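The structure appears below as structure tokens.
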Amino acid sequence: MAESAAFPAFQLGRPRYDQSSFLGRLRHFIDIIDPSTLFVSEKRLKECIKLLDDYKQGTLPPGVSEVQLWEAQKIKQAIIHPDTGQKIFMPFRMSGYVPFGTPIVIGLLLPNQTVMSTIIWQWLNQSHNACVNYANRNATKPTPTSKFLQGYVGAVTSAVSIAVGLNVLIERANKLSPATRMIIQRLVPFPAVASANICNVGLMRHNELSEGIDVLDNNGNVVGSSKIAARHAIMETAFTRVVLPMPIFVLPPIIMSYLERFVLKFSNRRLLLPIHSVVCLVTFGLSLPVAISLFPQMSQIEVSRLEPEIAMATDCKVVTYNKGL
């Protein structure tokens with residue numbers, strides 16, 4: 001009974017948890033970013049794919065449980081791109097976002113940054129983000145590589161410009177005490193990364209504003225392309241990209257400043273980097289699923305708020321659209 005409550009009846013391609021509630025989406029994305037899937041062997045992956053194929057064809061061997069089916073789907077979704085059917089390179093999987101992104105976060109938040117180190121860490125961060133975005137892109141429609149390059153260059157430029165500019169302003173602020181200056185310098189990565197993320201989304205998905213995105217009826221049929229739905233999708237994605245780095249780049253500097261002043265003041269200074277690394281890892285690991293759970297992947301909007309031609313093409317009161325990554 002307990003197992004059936006935790007594992008509902010399996011549905012191929014459907015999420016295990018209810019996506020209409022924040023808690024359901026949170027549990028779903030905790031599964032998606034589970035780093036244990038990074039260690040799945042090639043043999044295990046093939047077994048999972050075969051199990052799901054057998055289920056689809058109605059040839060499942062006897063004794064296969066719901067638990068095994070959900071686990072097989074989790075592993076396949078974590079490793080295989082749903083549109084291309086190809087394996088996603090490990091560092092750019094969603095399950096690898098925290099493990100491979102944390103060293104960059106640690107670097108961004110190191111105290112006493114020089115102009116060169118600021119540029120390098122911001123460049124590495126936006127390069128990693130761009131690779132994750134490309135690896136997990138919607139590949140149902142061909143998108144010119146130039147769009148991704150445009151977003152990448154824009155994100156790197158805005159991140160570096162803001163980070164370097166703010167650091168220069170802080171250095172020239174003579175009225176600030178050294179302790180205050182250090183705290184503010186540690187907070188610089190947040191506005192730089194947040195603005196770069198917005199720039200990245202706007203540049204890479206600008207064509208959606210002019211062409212629209214598909215909206216679906218209750219049966220999953222495409223009703224039409226909506227520019228209004230595209231605007232909503234981009235705004236939701238951009239908001240998520242601002243919320244995500246907020247705790248990652250704000251909490252660790254505050255926590256570390258407190259620890260350095262009151263807890264580690266007379267302790268071994270070599271403990272600072274390991275503790276700093278753990279604080280960044282924990283904050284990143286907790287923030288990621290919360291941020292991407294704010295909005296459903298498949299969002300809904302009332303037809304009355306969309307273009308007249310879409311309202312005329314369906315009897316549905318509400319349609320669905322893919323918000324995007």
Side-chain angles (χ1 to χ4, degrees), residues 33 97-98 100-133 151-152 154-173 176-204 234-261 272-273 275-295 325:
I33 67 168
Y97 196 37
V98 172
F100 289 96
T102 297
I104 298 174
V105 171
I106 294 168
L108 282 166
L109 293 174
L110 288 174
N112 304 316
Q113 297 270 11
T114 64
V115 171
M116 184 53 66
S117 67
T118 298
I119 292 172
I120 290 172
W121 286 116
Q122 290 289 349
W123 168 70
L124 284 173
N125 183 53
Q126 292 305 322
S127 298
H128 181 242
N129 287 342
C131 290
V132 171
N133 290 343
Y152 170 66
V156 170
T157 303
S158 60
V160 169
S161 301
I162 292 172
V164 172
L166 288 175
N167 275 326
V168 170
L169 286 175
I170 293 165
E171 287 176 4
R172 293 180 178 177
L176 296 176
S177 67
T180 304
R181 186 181 287 115
M182 179 175 286
I183 293 174
I184 295 176
Q185 281 179 327
R186 281 181 163 181
L187 294 173
V188 163
F190 169 64
V193 171
S195 60
N197 288 349
I198 295 173
C199 181
N200 187 293
V201 172
L203 288 172
M204 291 181 67
I234 291 173
M235 288 175 63
E236 289 172 351
T237 304
F239 182 75
T240 301
R241 299 291 182 86
V242 173
V243 172
L244 174 58
M246 190 181 298
I248 298 171
F249 293 112
V250 172
L251 290 180
I254 295 173
I255 293 170
M256 289 307 299
S257 295
Y258 174 81
L259 292 177
E260 287 172 19
R261 290 178 65 185
L272 285 176
L273 184 58
I275 292 174
H276 175 63
S277 302
V278 171
V279 169
C280 290
L281 177 62
V282 172
T283 308
F284 197 177
L286 294 175
S287 302
L288 179 59
V290 171
I292 57 180
S293 301
L294 291 175
F295 301 101
L325 181 66

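All values derive from a computational prediction rather than experimental measurement. For the numbers below, each heavy atom of this structure counts, side chains included, while hydrogens, waters and symmetry mates do not.
Remark: M246 CE is packed, more than 12 non-hydrogen atoms of other residues, nucleotides or ligands lying under 6.0 Å away. Applying the 6.0 Å contact sphere to CZ of F295 captures more than 12 heavy atoms from other residues, nucleotides or ligands.
Shortest non-hydrogen contact noted between Y152 and A130 is CD1-CB, 3.7 Å. Here the closest heavy-atom approach between residue V243 and residue A291 is recorded as CG1-CB, 4.4 Å. Contact detail for A192 and I162: the closest heavy-atom pair is CA-CG2, 3.8 Å. Pairing each heavy atom of M256 with each of I275, the nearest pair is SD-CG2, 4.2 Å. Between A155 and C199, the shortest heavy-atom contact is N-SG, 4.1 Å. The minimum heavy-atom distance between A163 and T118, with the atom names listed, is CB-CG2, 3.5 Å.
I198 CD1 to I234 CD1: the interatomic distance, rounded to the nearest 0.5 Å, is 12.5 Å. In this structure, CD1 on I120 lies 11.5 Å from OG on S127, to the nearest 0.5 angstrom. To the nearest 0.5 Å, atoms CG (L244) and CZ (F249) are separated by 8.5 Å. Rounded to the nearest 0.5 Å, atoms CZ (R241) and CG (N133) are 4.5 Å apart. Here CD of Q122 is found 10.5 Å from CD1 of I104. Values are rounded to the nearest 0.5 Å. L109 CG to I248 CD1: the interatomic distance, rounded to the nearest 0.5 Å, is 9.5 Å.
Between H128 and Y97, the ring planes lie parallel to each other; the angle is under 30°, not in the 30° to 60° tilted range.
Side-chain atoms of S287 do not come within 3.5 Å of backbone N or O of F284 as any donor-acceptor pair. Checking side-chain atoms of T283 against main-chain N and O of V279 turns up a donor-acceptor pair under 3.5 Å. Here the side chain of Q113 pairs a donor or acceptor atom with the backbone of G107 at under 3.5 angstrom.
Residues E236 and L294 have side chains not in contact (no heavy-atom distance under 4.5 Å, counting atoms from C-beta outward). For the pair V115 and N167, the minimum side-chain heavy-atom distance is 4.5 Å or more. The closest side-chain heavy-atom distance from I106 to L281 is not below 4.5 Å. Contact annotation: the side chain of L273 approaches that of L110 to within less than 4.5 Å [non-hydrogen atoms, C-beta and beyond]. Within the 4.5 Å cutoff, the side chain of L286 has no heavy atoms near those of the P247 side chain. Counting only heavy atoms from C-beta outward, the side chains of T102 and S277 never approach each other to under 4.5 Å.
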